[in-house]
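Below is one structure, written out as structure tokens; the observations come after it.
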Amino acid sequence: MPYDHKKIEKKWQKEWEKSKIYETNDQPKADWPRARNFYVLVEFPYPSGNLHTGHWYAFSVPDIFARKKRMEGKNVLFPIGFDAFGLPAENAAIKRGLNPKKWTYGNIDYMRKQIKSMGASFDWSREVITSDPEYYKWTQWIFLQFFKKGLAYQAETSVNWCPKDKTVLANEQIVGGCCERCGAEVEQKQMKQWMLKITNYADRLLFGLDKLNWKEEIKEAQRNWIGKSEGAEIEFRIKNLEFKIKVFTTRPDTLFGATYMVLAPEHPLISNLKPLISNLKEVERYIDVAKKKTQLQRQKAEKEKTGVELKGIKAVNPANKEEIPIWVADYVFMGYGTGAIMAVPAHDQRDFEFAKKFGLQTRTVVEPVTGELRENEEFRKSIVAVVEDSKTGKFLSINWGPKLGGNLFVGGGIDGAENYEAAACREIQEETGYKNLKLVSVSEKIHHHYVAFSKNVNRNINATGLHFQLLNNEKTPPRLENTEKEKFSLEWLSKTEVLDKVKDQLHSLVFRRLILGEAYAGSGIMVNSGKFDGMDSEKAKKTITEFVGGEIKTQYRLRDWVVSRQRYWGAPIPIIYCLKDGALAAPEKDLPVLLPEIKDYKPRSDGKSPLAKAEKWLKVKCPKCGSVAERETDTLDTFVDSSWYFLRYCDPKNEKEFAQKRKMENWMPVDLYSGGAEHTTMHLLYSRFWYEAMFDSGLIPKELGDEPYKDRRNRGIILGPDGQKMSKSKGNVIDPDEYVAKFGADTVRMYLAFIGPYNEAGSYPWNPQGILGIRRFLDRVWKFASPRGKTLGVFRDSTPSVEERGDFARALNKTIKKVGEDIEEFHFNTAVSALMVLLNEMEKVGASSENFSVFLKLLAPFAPHLAEELWSRLGNKASIHFEPWPKYDPKLVEENTFELIIQINGKVRDKFEVPVNISQSEAERLTLAREKVKLALENRKPRKIIFVPRRLVNIVV
RNA sequence: GCCCGAGUGGCGGAAUUGGUUUACGCGCACGACUCAAAAUCGUGUGACCGCAAGGUCGUGUGGGUUCGACUCCCACCUCGGGCACCA
């Protein structure tokens with residue numbers, strides 16, 4: 001008989017709410033050490049109006065962990081709230097004529113009920129809603145602390161503007177050049193914006209990661225986002241002028257190869273130079289077009305380089321005093337480095353392409369080094385010749401066979417006074433027979449270390465790569481005039497075949513340089529660099545920087561965080577503008593600066609917030625001089641709201657401060673933070689910054705440290721049954737409510753726990769059949785507990801034998817160990833499997849009510865309602881969810897026999913049961929006595945016998 | 001292009017200080033119960049060869065180390081994620 005999940009789940013949810021068992025008390029520190037408190041945090045939801053499968057996955061599975069911690073005796077804080085400000089509320093308001101506040105709070109009421117139907121052990125008494133004035137008062141207050149410290153500032157910058165949502169976006173909110181929310185193409189716009197100096201914290205956010213015990217992939221993604229790169233800042237003089245152009249480069253060693261410079265179209269210097277630019281009109285036209293391009297257009301242009309030279313002026317390369325041209329091009333960005341670069345076409349791919357297109361000079365200053373340096377090397381000059389048949393587009397290669405390096409191009413030494421072209425022609429003719437050739441291009445010298453196997457010597461060669469084209473009159477198949485012809489065969493390879501088959505470092509480098517047109521961006525030996533010639537290029541970085549008076553410098557990809565939003569539904573930025581006194585903090589006693597009620601929420605295309613229309617609200621007295629002033633009309637990015645909510649949970653009702661220090665000390669830092677991978681470089685990075693900035697402002701108790709989350713785990717995502725992301729348009733959306741109605745919350749939770757490993761970035765398709773397996777399991781638990789459908793407590797008709805009891809005790813103890821450890825690791829799937837194994841066992845041999853109680857306790861975090869029901873039916877008065885987590889007997893998790901595996905030459909031939917402490921000699925004796933072994937050995941004598949205690953015997957013959 | 005992560009039955013997945021590949025669940029097949037079906041219970045289930053005993057192959061591909069490799073090393077392929085004209 002299946003159990004009645006509707007009745008049971010409703011009953012216990014009511015009961016738990018009534019008895020408030022999940023409300024967490026703050027304990028006085030003296031008799032309640034921090035170690036006994038445990039803070040489990042899940043990312044709070046946005047009140048979109050309906051709970052989807054993702055929410056179930058995000059909340060009900062970590063609930064298993066929270067419940068287990070509670071049973072372990074921890075005082076667990078497991079709070080929930082709503083991240084309630086944000087665009088969708090406003091868009092709904094505009095579309096359906098609803099008040100954003102009403103819409104939001106209506107959704108919250110509905111979703112609160114839905115979340116409660118999970119049977120999760122959230123402490124609802126600490127609920128936090130970021131759009132409550134009691135909450136955003138403190139968001140504003142903390143913002144003002146940052147403002148006073150200069151961390152929040154206003155600046156006119158180029159910002160990402162979403163033309164559809166009519167608001168600015170942070171870099172993190174752009175996906176592929178489009179608005180993350182609505183998908184519209186993002187434009188660049190100059191606007192005055194409030195920003196937070198997250199860049200001041202770039203290094204700290206980076207190094208802070210080292211001490212965190214998070215998964216490496218999460219840390220790596222943040223490191224990538226911060227994007228630290230080390231290099232130098234070097235100044236270039238402009239000829240005959242006082243102006244200087246500062247550039248940032250990671251390759252100061254290539255300074256002698258800088259043959260031109262590029263300024264970003266937005267570079268301020270251009271306007272200063274206007275009078276001297278002879279082609280000003282052309283330049284201005286280019287800048288105009290470039291500025292109008294959206295980020296997407298800049299990317300869509302297939303990276304085709306564009307640019308205009310600033311005619312009439314020249315820069316001076318500080319290394320060799322050479323005069324070089326200055327260009328404007330949109331492949332250089334104002335937002336990174338200094339907005340200007342020195343271009344080294346020989347050693348940077350982008351500069352190389354630009355130089356090729358506009359016919360600019362290229363100069364090699366670093367010669368590549370390949371292979372490994374060996375002792376007693378013999379020096380030689382040589383060539384590598386790539387012969388192309390321009391009709392077929394194929395390249396001539398020689399296949400020497402796998403031993404001698406596979407496919408290579410023609411290569412060989414330069415004899416005596418020969419030049420490289422002559423040497424190459426001679427080698428080509430000798431090895432292939434071709435002689436009508438046209439030289440197309442030549443590479444720089446490449447230093448290559450290798451072993452010449454045929455002559456058994458180590459070599460250091462200095463190789464020149466040459467690209468020849470076969471002249472069309474040479475059609476005859478080549479005839480080899482070489483006695484060595486037996487050794488190799490000629491093959492014509494296409495480009496892709498070359499890349500696939502020519503593995504030699506030197507030869508493939510020549511091909512990439514000459515045929516694919518790749519610039520050499522690696523390190524090597526300095527040339528054409530005056531007194532630095534011959535130096536190792538890595539070493540030259542510092543030396544050359546010093547030589548020209550440059551400065552070693554670090555750059556970050558991370559940009560300051562733009563927090564202004566030109567929209568209604570957010571926390572007003574608590575700033576007042578006075579004509580005389582400028583931007584001032586709203587007085588603390590006036591906080592919160594309440595969001596005014598207005599009628600028209602529509603955003604405006606002039607970049608002003610709808611708040612600008614709330615005239616009464618807008619006008620205030622200047623807090624300094626008392627004259628008429630105006631409020632800031634932008635609101636704060638919702639990522640600001642969510643940057644500190646975990647602190648408010650510690651003390652959610654406090655009216656005097658954002659949270660009492662003592663209460664923060666109770667809970668912070670968060671012991672475990674579970675959330676979605678999509679927040680790794682947004683919320684997770686922002687809130688770390690916010691917390692560090694609060695820490696520096698003395699708002700966080702010192703002893704807590706400056707990192708808010710001790711452990712962070714990202715969960716995977718649940719896909720539709722078809723293995724695709726769930727979406728309405730695909731019609732593959734799983735409605736959790738439907739499954740809860742059909743199978744119950746316990747089944748849905750447990751199925752989600754079972755579907756795959758939780759703390760991995762994987763994605764798991766929802767299998768409508770699969771969930772049935774979990775329901776079957778729970779039905780079997782139910783049936784096991786009530787064998788005759790009525791009374792509980794009798795689990796078996798006949799008494800089990802002593803051996804059976806021993807076996808079961810072992811199985812039970814092993815399960816206790818496994819389930820406990822798996823929950824700790826978030827391996828809920830294998831924990832569920834262990835519970836299934838134990839039930840299978842119990843169904844075979846039965847279980848005393850005592851042992852069954854242990855099973856129930858292990859099940860309780862996964863299926864809280866069912867476990868509670870059966871627990872109470874066993875006659876228990878108190879909730880199972882505060883029962884102590886079962887302990888296992890270490891002696892009983894070990895077996896006293898094991899199956900000894902017998903291998904012959906590593907292949908399994910036999911197996912049999914032996915005692916765990918069996919000696920090697922005894923194991924060998926038993927093994928050799930086995931019929932199967934004798935048969936398999938066929939009278940061969942064992943050469944060696946390997947014995948692995950507790951595992952196997954391997955006979956080597 | 002660069003940086004992470006992963007590739008195991010029909011499917012989700014299990015197993016790594018190198019030691020029985022495929023636990024658990026789904027699906028499928030057969031059987032029991034039933035007038036029948038569903039539900040439930042039982043048995044089987046990597047591929048190939050074989051009546052069987054048994055054998056051969058098998059953890060993305062190709063090499064290597066080892067008595068022994070899903071696990072370690074080298075080269076590559078595919079998928080997922082992050083970054084990307086970042087100087």
- Is A:Asn829 near enough to B:A14 that one of its side-chain N or O atoms lies under 4.0 angstrom from OP1 or OP2? yes

- Message: For A:Lys934, is the NZ atom crowded, meaning more than 12 foreign heavy atoms sit under 6.0 Å from it?
- Response: yes

- Expressed in angstrom and rounded to an integer, what is the separation of A:Asn759 atom CG from B:A6 atom C1'? 14 Å

- Message: Nearest whole Å is fine: how far is B:C86 P from A:Arg251 CZ?
- Response: 14 Å

- Query: What parts of residues 341-350 of chain A reach RNA chain B, counting only heavy atoms under 4.0 Å away?
  - Reply: A:Ile341, A:Arg350

- Task: Select one nucleotide: of B:A15, B:C26, B:G12, the one nearest the side-chain heavy atoms of A:Thr830.
- Result: B:A15

- Query: A:Phe352 CZ to B:A87 P: how many Å, rounded?
  - Reply: 19 Å

- Message: Given B:C85, B:C24, B:C3, identify the nucleotide with an atom nearest to the side chain of A:Ser833.
- Response: B:C24

- Query: B:C86 C1' sits how many Å from A:Asp330 CG, rounded?
  - Reply: 14 Å

- Out of B:G54, B:C86, B:G27, which has the shortest distance to the side chain of A:Lys932? B:G54

- Note on the structure: Closest to the side chain of A:Leu952, out of B:G12, B:C85, B:G19, is B:G19

- Item | Under 3.5 Å: donor-acceptor pair, side chain of A:Arg909, backbone of A:Lys932 | no

Let me have the donor-acceptor pairs involving side chains of residues 944-957 of chain A, under 3.5 Å, with sequence neighbours excluded, atom names and distances please.
from: A:Arg950; atom 1: NH1; to: A:Glu894; atom 2: OE1; distance (Å): 3.2
from: A:Asn954; atom 1: OD1; to: A:Asn905; atom 2: N; distance (Å): 3.4
from: A:Asn954; atom 1: OD1; to: A:Gly906; atom 2: N; distance (Å): 3.0

- Query: Looking at A:Asp210 and A:Lys219, does any basic side-chain N land under 4.0 Å from a carboxylate oxygen?
  - Reply: no

- Query: Within 45 degrees of the axis of the six-membered ring of A:Phe354 and under 6.0 Å from its centre: does A:Lys305 put its NZ or CZ there?
  - Reply: no

- Query: Quick one: which of B:U40, B:U21, B:U56 gets closest to the side chain of A:Lys783?
  - Reply: B:U40

- Answer yes or no on whether A:Arg557 is positioned over the face of A:Trp225, meaning its NZ or CZ is under 6.0 Å from the six-membered ring centre and within 45° of the axis. yes

- Query: Yes or no on side-chain contact (heavy atoms from CB on, under 4.5 Å) for A:Thr254 and A:Asp348, after CA distance, side-chain angles and deciding distance?
  - Reply: CA-CA 10 Å; A:Thr254 63; A:Asp348 180 282; over 6 Å; no

- Donor-acceptor contact below 3.5 Å, side chain A:Tyr764 vs main chain A:Pro757: yes

Tabulate protein N/O versus nucleotide N/O from nucleotides 46-51 of chain B, keeping only pairs under 3.5 Å, one per line.
none

- Task: Classify the glycosidic conformation of B:G42 as syn or anti, calling it syn when the angle lies within 90° of 0.
- Result: anti

- Query: Given atom CE of A:Met334 and atom C1' of B:A87, what is their separation to the nearest angstrom?
  - Reply: 13 Å

- Among the nucleotides B:G12, B:G5, B:G27, whichever has the atom closest to the side chain of A:Tyr764 is B:G12

- Query: Listed by chain and number, what are the side-chain hydrogen bond (donor to acceptor under 3.5 Å, both in side chains) partners of A:Gln222, not counting sequence neighbours?
  - Reply: A:Arg688

- Quick tally for nucleotides 61-67 of chain B: nucleotides whose base has a protein heavy atom under 4.0 Å get B, sugar-phosphate-only ones S, the rest -, giving ------B

- Query: To the side chain of A:Pro757, which of B:C85, B:G13, B:G54 is closest?
  - Reply: B:G13

- Protein-nucleotide distance (A:Ile902, atom CD1; B:G19, atom C1'), rounded to Å: 12 Å

- Task: Between B:G12, B:G5, B:G55, spot the one nearest the side chain of A:Glu217, thanks.
- Result: B:G5

For residues 246-253 of chain A, tabulate all N or O donor-acceptor pairs below 3.5 Å that involve a side-chain atom, not counting sequence neighbours.
from: A:Thr249; atom 1: OG1; to: A:Arg251; atom 2: N; distance (Å): 2.8
from: A:Arg251; atom 1: NE; to: A:Asp253; atom 2: OD1; distance (Å): 3.1
from: A:Arg251; atom 1: NE; to: A:Asp253; atom 2: OD2; distance (Å): 3.2
from: A:Arg251; atom 1: NH1; to: A:Ala521; atom 2: O; distance (Å): 2.8
from: A:Arg251; atom 1: NH2; to: A:Asp253; atom 2: OD2; distance (Å): 2.9
from: A:Arg251; atom 1: NH2; to: A:Gly522; atom 2: O; distance (Å): 3.2

- Task: Measure from the side chain of A:Arg776, starting at C-beta and using heavy atoms only, and say which of B:U40, B:G19, B:C86 lies closest.
- Result: B:U40

- P-based separation of B:G62 from B:A29 [nearest Å]: 34 Å

- Carboxylate-amine/guanidinium proximity below 4.0 Å for A:Arg223 and A:Glu220: yes

